[in-house]
Amino acid sequence: MTEVVAVARDAAHRFSKQLCPGIVLIAGQGVEGDAHRGVTVQHRSRVAQDPTQPNLRQVHLLAAELLDELNAKGYDVGPGEMGENVTTRGIDLLALPRGARLALGEAEVEVTGLRNPCAQISGFRSGLLSEVLLRTPEGALVRRAGIMAVVTRGGAVAPGDAIAVHLPAAPHLPLERV
């Protein structure tokens, strides 16, 4: 089953987010009560570069399967702790194309790209960055720390909500760092 496992938000710019019984997504802005909500970019390093950039990182989604893998390797990581707003199960988030739409509860988001994991991850759990930022044998970076999306239809999202995937018309564009 493809479903929402957990939802989280945090009004402050901290690495981890606090689990909630439900969140509300606001069209064109993000998660109500979250520090990254806004029409323009809210991520501090990006605000410093250009505060007028559109916010393509309104909602962060992460697969519970990644958390399972990390926990099996000895990392103690739970939902929301890697900064995600929505923890999913049963969907290969990293394989989605740009522009894919995910219906989550009453809301819908459009996938914009990959989360770019930063050094804060190793501050959270030593060595974790090397688990979510890998290199292929050819040297290409593989980002596994989840995907980012914008809210196209607002509404409530809660654990247990089903997730429906709507792919854009072909050709499908691969996810890139946003």
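Owing to the predicted nature of the structure, the values given are computational and were not obtained by experimental measurement.
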Test item: [X] side-chain N/O and [Y] main-chain N/O as donor-acceptor pair under 3.5 Å:
{"X": "Q58", "Y": "V151", "result": "yes"}
{"X": "E106", "Y": "A156", "result": "yes"}
{"X": "Q42", "Y": "G38", "result": "no"}
{"X": "S122", "Y": "S126", "result": "no"}
{"X": "T112", "Y": "L56", "result": "yes"}
{"X": "Q53", "Y": "D50", "result": "yes"}

Which pair of heavy atoms, one from [X] and one from [Y], lies closest together, and at what distance?
{"X": "L167", "Y": "P97", "value": "CD2-CD, 3.7 Å"}
{"X": "I163", "Y": "T88", "value": "CD1-CG2, 3.6 Å"}
{"X": "M82", "Y": "V132", "value": "CE-CG1, 3.9 Å"}
{"X": "P159", "Y": "V7", "value": "CD-CG2, 3.9 Å"}
{"X": "I147", "Y": "L96", "value": "CD1-CD1, 4.1 Å"}

If you apply the rule side chain to side chain contact (heavy atoms under 4.5 Å, CB included), what do you find for L61 with N85, and how did you get there? CA-CA 6 Å; L61 298 97; N85 301 109; over 6 Å; no

Please examine the side chains of [Y] and [X], heavy atoms only from C-beta on, and report whether any two atoms are closer than 4.5 Å.
{"X": "D76", "Y": "R125", "result": "yes"}
{"X": "P51", "Y": "T40", "result": "no"}
{"X": "L102", "Y": "I91", "result": "yes"}
{"X": "L114", "Y": "M148", "result": "no"}
{"X": "L19", "Y": "P79", "result": "yes"}
{"X": "R9", "Y": "Q18", "result": "no"}
{"X": "R98", "Y": "E176", "result": "yes"}
{"X": "V31", "Y": "V157", "result": "no"}

Cationic N near anionic O, under 4.0 Å, E69 to R144: yes

Under 4.0 Å between a Lys/Arg side-chain N and an Asp/Glu carboxylate O for D68 and R89? yes

Show your working on side chain to side chain contact (heavy atoms under 4.5 Å, CB included) between V109 and L25 and close with a plain yes or no. CA-CA 9 Å; V109 299; L25 302 186; 3.7 Å; yes

Can you check side chain to side chain contact (heavy atoms under 4.5 Å, CB included) on Y75 and L67, steps first, answer last? CA-CA 9 Å; Y75 296 95; L67 298 179; over 6 Å; no

Evaluate side chain to side chain contact (heavy atoms under 4.5 Å, CB included) for I26 paired with R37, printing each intermediate quantity in order. CA-CA 9 Å; I26 299 170; R37 174 183 163 198; 3.3 Å; yes

For residues L129 and L94: do they belong to one hydrophobic cluster (side chain heavy atoms under 4.5 Å, members Ile, Leu, Val, Met, Phe, Trp, Tyr)? no

In this structure, is the centre-to-centre distance between the rings of H36 and H60 below 6.0 Å?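 For H60 and H36, the ring centres are not under 6.0 Å apart.
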
Among R57, R143, H43, find the residue that satisfies the side-chain hydrogen bond (donor to acceptor under 3.5 Å, both in side chains) test when tested with N116.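 When side-chain hydrogen bond (donor to acceptor under 3.5 Å, both in side chains) is applied between N116 and each of R57, R143, H43, only R143 qualifies.
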
Do the side-chain N and O atoms of T152 and R101 include a donor-acceptor pair separated by under 3.5 angstrom? yes

